[in-house]
Structures are given as structure tokens and as C-alpha cells.
There are 4 protein chains.
Amino acid sequence: MVREERKEREFQTRRTEILEQAEKIFAARGYHNVTMAEIASASGFSTGSLYQYFTGKENLYSTMICDKLDLMYRRVRDQVKKAEGIEGKIEAIISAHFLFVEENTDFCRLFLPGENTIISEVMLSMREKMIADYRQHLIFIENILKVGTKNGYLRNLPVDALARALFGLIRTTAIDWMIKPATKKMTMQKDFILEIFLRGVKQNEK
Amino acid sequence: MVREERKEREFQTRRTEILEQAEKIFAARGYHNVTMAEIASASGFSTGSLYQYFTGKENLYSTMICDKLDLMYRRVRDQVKKAEGIEGKIEAIISAHFLFVEENTDFCRLFLPGENTIISEVMLSMREKMIADYRQHLIFIENILKVGTKNGYLRNLPVDALARALFGLIRTTAIDWMIKPATKKMTMQKDFILEIFLRGVKQNEK
Amino acid sequence: MVREERKEREFQTRRTEILEQAEKIFAARGYHNVTMAEIASASGFSTGSLYQYFTGKENLYSTMICDKLDLMYRRVRDQVKKAEGIEGKIEAIISAHFLFVEENTDFCRLFLPGENTIISEVMLSMREKMIADYRQHLIFIENILKVGTKNGYLRNLPVDALARALFGLIRTTAIDWMIKPATKKMTMQKDFILEIFLRGVKQNEK
Amino acid sequence: MVREERKEREFQTRRTEILEQAEKIFAARGYHNVTMAEIASASGFSTGSLYQYFTGKENLYSTMICDKLDLMYRRVRDQVKKAEGIEGKIEAIISAHFLFVEENTDFCRLFLPGENTIISEVMLSMREKMIADYRQHLIFIENILKVGTKNGYLRNLPVDALARALFGLIRTTAIDWMIKPATKKMTMQKDFILEIFLRGVKQNEK
DNA sequence: GATGAATGAGCGTTCATTCAT
DNA sequence: GATGAATGAACGCTCATTCAT
């Protein structure tokens, strides 16, 4: 029935609206320093209504986190798909990640070293999903690198470790940039990372 | 006076005892999910006594964090001092860090991505100290690398970026290991990181 | 909207209910010896609810005090307005005050000499309001007496001091009565005060 | 034994020292806002030692209050003894009281309307003693006035009410002065009070 | 006797969640 | 369905008093 569909559509719209407001607030102040009342008033709902869209505060938080992380990983994959050649794809992994961080700094700041929030079932399963997604992403990177290994462009090293190394360079650059955002755009460091990753820091012996 | 000294010594002993118990508990459950009563009972004191050693929960937490971080950086610097040659020193940076993480896994887990706890003065100043210490450590690494750059062992690249890259590889390995501690010892990945960092991942052209 | 109005009305009803219960309890045991839990249970609310009507314990206390004092001063002024002639008005000042004290003995007991409660902003501003109201009341009395001074009924003495003297006689009678409430009604002493105030205690020389 | 005596003397000296410091602190901040630790440190003793001189905080407080009140009443009586004639003695009652208030303003401020502190046995018995002393003082005043009544200097009115009236005028002047201490010395209002009390406020009919 | 560290009951206040309207 | 007032458990922290040294 059309009625049903519209309802469902409105439901999703409202849910998204809440999540967007919640993201801003959580990003600014952290999970524990935010009250449901604040999220309710920021998103134009009553506290009671929040519980129609989410089972509780933890669920709201973890949903927001997971949704946004999914978006990040998807963005990276999309850009990689468009890029060509090994080097092009590696470049895309780096710059898509940086772009996301630049565009969602507040959100990403939630992932700076901080308090371990895991205590309940809900939070635990969120953590597990986050880890699974992270692993998935590493595997995605591995697969890109595998091609390079196979066709001899890259040295024959264990791809999982290679992927971790590449992601480590990306992650550390993002962390440092978030700590001191005054710096120039992160994107400018893409080439440097790429250079280090590909050619190492050591002087080539003649 | 001897009496005074012994008192002071006992005070420090007890303070340390509290910090050690607090570390375990905070590491396991995060700042907000831990109560002063728990820390008190775990360390064999009354809640009131905790306030003789620390001005409050935040102070107890941030003291614990800062003390332990200081220890980590000190450990790394000590090992590096003992090591010889550029490569030896870089190796020491990596393995001392890994060793610390392996020996203090629970503590280090507090630095996995998590909630932004900063809200009060106390927590803010803790954060600032942490960042300052981190920067200091990067500079320490820079200075090691600078030698290599000067004597031609390393390529002539901006040392701050090099230091960040090295630390990024170390950090990411530690994070991944903590997420899935079942893996074999981190120390075994030292050589790999060193290899990647020094020679890059790209096949040398003939 | 009617709905809104009823809500507001109910809010006020409940607030008043809390204030009434709080008055009884505070009057019986003093500010510091009363807990929010007691007030909550006496007024049939949960502790949390109290904070919907008042910002905290101090606010609840000072609101109660100020409201009731306002009532007292208003009562006196109303009675004076109805009375005729200088002497009638002075009589009204005395008897309206006594009546209020008799009807609100517990509340008035809060003003017996006791602990200085002023420490916080809230309590300080309450004290200031109380003093301001008291001064206002003295001025009100002054204005009554001024008429008598002008038309030659009263001796030509400084009205502020006269007002203070009259109020002093009233206050002291009330204090003494509250200390030993077994005595017969205060109202019976009205005439005596009036007599003393108007004619003094000295035998007229012939 | 002499040894015993000296001990006793020292004990009293120390007790008095504590009481003096306690008075300052209580006067400034009120019973509940003062801690035993503060009194201990202000008087140069340990918290434990305080309990050798007083059975607890309440006992310390009530002792201080009673001692000082005794002093006040004694002062007044001493001055009255020296004065001559009814009017002289009444004058002495007024001015000795004012003098005490001026010299011990902080202490007297403890008796401004404020929180009812009575809750425990100790405080209750303090209150009772205070009331008894107050009554005693009123009787003392009565006895002075009785002489005047008998010899025809004063009108033939109930002396208890007369005493209360006189004390009311004194008290109210003191209260008002303490509320707004900027005013000129209270002593200057002595004559006014005397005038009102003796001759009343009403114009004498010819 | 003197000390002051240790105690722990008790407080005001917050906030996720519920449910009568 | 939507509301937001009501709930009440839980927390960090204080401080009078005790007692081992």
C-alpha cells in the first residue's frame, strides 16, 4: 500500500535527521557528555520519540558510528574503482581517506585515542562490527596490492603486512593532522606517503 | 628527619598501589564505567582515602595516564641510547615500543580509538600534556633520523615527515596487534617494518 | 491554548505543594539538617522531580523563604490600607504582623537567631533580597508615621528611627512569644506596645 | 601538686586559644560551612587534639557561643552596677550592649536571623541555656525598672513588658546596624532610644 | 599525650528510560 | 503516534570522628 510506503519513507527521513544531529553533538563532546535530551531538542523531537527510532542511547550512538564508517569505507572503494593502475589505485586509497577526514573532522576525532566505551552488549557488538569492517578494509587494500605483487611491480612481501603498513601511514598522517588542524591540507602529504611507501627511506646503493 | 622520610615513602608506596589498581580497572572498563568505590576496594582503601592521594577521579585518571606514558617514552629513549648505528637505533625505537605494548597491553588499550573524554579543565590539560609528549617523541625520532640524512645513509627527505612515517608504522602494528592479540609476538614484525621503512615496497628497477 | 494553560496551572499547584511541605520541614529542622529526599517523599515526588521545579536545594529554600516573606509584608500592607487614622494604621501594622506570626509560627521560627547560611551565590542573593524587603517595609512604616509627624499628632523626631523603634517593639514581642509559645495570644500585647510607643514609659510631670 | 596545677592551667590556656580561633571562623562562615580541620589548623592543633578539649564539633560550637554570651551579659551588668540613678542605669544597659556589639560584630552576626541549627541533644541544650540566659537578662532589666516603678519615676506598667520593650529597642537597633554597618556608631542612637522609651512618640497634650 | 591518615555513611544532583495523557 | 514529566538508581565527593603509631 502506498500509505505504508510513505510512512516508511518518513520514518527513514526522521531517523536520518536524528543521526545527523547526533553526530554533530557526539563529535563535539563525546558519548558520555551528551544527554538524550540534547539530541532530542537538537533534532526537533521529544525524548520519548527517540526511543521509537533507536532502542536506547547506546544503540543510537553505535548506529551513528557504524553508518558513518560504512560511508567512509564505501567512499574509498568508489574512488579506487575509478582509478587506474596499481599506483593510481594506491593513490586513490590515500587521497579518498584524507578527503573523508577533512570533510568529517569532527566525526573522525571520535576515533582519536580516548576512553574505552565498551561495557554493554550493544557497545561490544558495535566494537566488533568496527573491527570487522576495519579488517575488511585491510583485505580490500591487500587485494589491490596483490595485483602489484603478482605482476612484479611490487616486491614479493606478505600482502597483509603491506596493507597494514600502507594504512598505518595513512592513519598516522590523519591523526597528526587532527591533533593540529592548523596545518595545510592533508592531501598535500599524499605524494610523500606514496613515495615513502613505494621507495623506502634508504638511499639506493649504486 | 627519618620519621618524615618513612612517611613520605609510605605515602608514595600507597599512591603507586592505587595507581596500579586503577590502571587495571580503567584499562578494562574505561573512565566512565569505573567508580571511585571500585578503585578504592580494589586497592584496599576507603573511598575517602583516595582523596588524600588525588584531588578527584579525573586527577587520578590523568595522573595514571601521564605517569605511564612517561614511562613508555623513557623506556624507548633508554634502549635507543644503548643501541649503535642508525639502523640499530631505528631498530631500538621499534622494538622498545613493541616491548612496552606487549608488557602493558591493557594500559595501551586505553588508547585505542574511543570516546573523547575531554570536557573539564583537568582532562583538557592531560590531553595537552599527552600531545606535547607525543610531539616531543616525534622530535626525538627526527633527531635520530637527521644523523642518517646528514651522513648520506638516508635519502634527503623532510625529517619530520620521516619520523611520522616511522611512528605510523609502529603505531599501526601495535593497534592491530592489540585488536587481535592472539597473533604471535609483535617483536617478530620488527624486521618487516624496518625493511619497508628503509627500502620501500617497490621493486627496484634494474 | 487551553491545554497549555492547564499544564501551567498544574505545574504551579505542584510547585506550591512542594514549597508548603518544604516549609514545614525546613522550619522544623533547619536548612542543613534536611535532605532533598525528605522533601521529595513528604511532598509525594521523587527526588528527580524536585529538580524540575527548582534548580537545587538552595533555590528551593530561598524561593520558599522569599515567597512567604513577600506574603507577610503584603498582608501587613493590606490591613494598613483598610485601617483609618494614624493610630488605626499603627495598630494595624502591629496586629497584622502578630497575626501572621501566630498563623505561621513554624516559618517565622526560621528567623530566630541561628546559623549564618550565606556562603553561595544563591544564598547571598536571597539574603540581599530579604534585607531589601525589610528596608522597604521600614520605609512603608516611615511613610505612615510621616503623616502623623506632619499633622502634629506625633512629636517631630526622625521618622526612620521612629519606624525602627516601632518595628523593634513588634519584632521583640514576636521573638519572645515564639521562644515561649505557651503564653497567651500575642494580639493581646498589641495595646501595650501601642501605649509604650505612643506615650513612653515615663510618668508625665505635672 | 604543683605539676597538676600547671597542667590544668595549660589545658585552659589551650582550650581558650581554640575557642578564640573557632569564634573567628564560625563568625565568618557559619556552623555548617566550617570544618574541624580548619579550626584545628587555625589554632595550631591537630584534629585529634580538638577532641581532648571538646567532645565534638557541636560541643565546641555551643561552648564558644555560651561563653561569649555570658561575657556579654556580664559586661552589661558590670556597667549597670557602676551607673547611678534609674536613668543612668537604663542608659548603661543600652550603651554597654551597643559597645559589646560594636566590639564583637562578627560574633553577634551569628545571631542574625538564620538557620535553625537545633537538631541534636547538644544543640538543643545550648539553645535552652541561651534562652534561660536571655530570660535572666530580661529579669535583670525588670529589676532595674521595678525600682523606677516603685519610686514613681516610671508609670505603673507591668515590668516584664517594659523590660521586653526596652530590650526590643536595643536589639532592633543592633540588628539594623549589623545589616548595614556603614552607619555611624550605634552609641549615637542611645539617646534617641532612651528618649523614645521614656517619653513615647506622641505629642504631649497641653 | 599528640597526631593526622583512614574511615564510610551520607549528601546533592544527573539522566536514561518509561508511560499516562 | 507523540509527548515530556516523572522516576530512582547511581555517582563523586565531604568531613566528623576514631585510633594506630
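Lettering of chains follows the sequences in order, A, B, ..., and the numbering in each one begins at 1. The analysis underlying the following values was restricted to heavy atoms, covering all of them including side chains, and did not include hydrogens, waters or symmetry mates.
- Here the side chain of Lys7(B) is nearest to one of dC15(F), dG4(E), dT17(E), namely dG4(E).
- Glu20(B) has no carboxylate O lying under 4.0 Å from a charged side-chain N of Lys24(B), or vice versa, which leaves the two without a salt bridge.
- Rounded to whole Å, the distance from NE2 on His32(C) to P on dC15(F) is 10 Å.
- Side-chain contact annotation: Thr16(A) with Thr13(A), donor-acceptor N/O pair under 3.5 Å absent.
- Here Arg14(C) does not reach the OP1 or OP2 of dA5(F): none of its side-chain N or O atoms lies under 4.0 Å away.
- Residue whose closest nucleotide on DNA chain E sits further toward the 5' end, between Phe45(B) and Phe45(D): Phe45(D).
- In this pair, Phe26(D) and Tyr31(D) present their aromatic rings parallel. The plane angle is below 30°, not in the 30 to 60° band.
- With DNA chain F read from its 5' end, the first of the two nearest nucleotides for Lys57(D) and Met36(B) is the one closest to Met36(B).
- The distance between atom CD of Gln52(B) and atom P of dA6(E), rounded to the nearest whole Å, is 5 Å.
- Remark: aromatic rings of Tyr61(B) and Phe54(B) are distant, center separation not under 6.0 Å.
- At a threshold of 4.0 angstrom between heavy atoms, the contacts of Thr35(D) are confined to the sugar-phosphate backbone, with no base atom among them.
- Between the C1' atom of dA2(F) and the OH atom of Tyr51(A) lies a distance of 15 Å, rounded to the nearest Å.
- When the nucleotides dG12(E), dT3(F), dC13(F) are ranked by their closest atom to the side chain of Ser46(A), dT3(F) comes out on top.
- Protein atom CZ of Phe54(C) is 15 Å distant from nucleotide atom P of dG12(E), rounded to whole Å.
- Base contact: Ser49(D) has a heavy atom under 4.0 Å from a base atom.
- In this structure, dG4(E) and dC19(F) make a Watson-Crick or G-U wobble pair, each of the two defining distances being under 3.5 angstrom.
- Ring geometry for His32(C) versus His32(D): interplanar angle under 30°, hence parallel rather than tilted (30 to 60°).
- The partner of dC11(E) is dG12(F), judged by Watson-Crick or G-U wobble contacts that both fall below 3.5 Å.
- Going from atom CG of Asn33(C) over to atom P of dA16(F) covers 13 Å, rounded to whole Å.
- Atom CD in Glu10(C) sits roughly 12 Å away from atom C1' in dA20(E) (whole-Å rounding).
- Along DNA chain F, the nucleotide closest to Gly56(D) and the one closest to Gly48(A) are compared, and the more 5′ of them pairs with Gly48(A).
- Summarising the geometry, the separation between CG on Leu50(C) and C1' on dC11(E) is reported as 14 Å, rounded to the nearest angstrom.
- Close to dA6(E), at under 4.0 Å from its OP1 or OP2, lies a side-chain N or O of Tyr53(B).
- Put simply, CG on Asn59(C) is 14 Å from P on dG12(E), counting in whole angstrom units.
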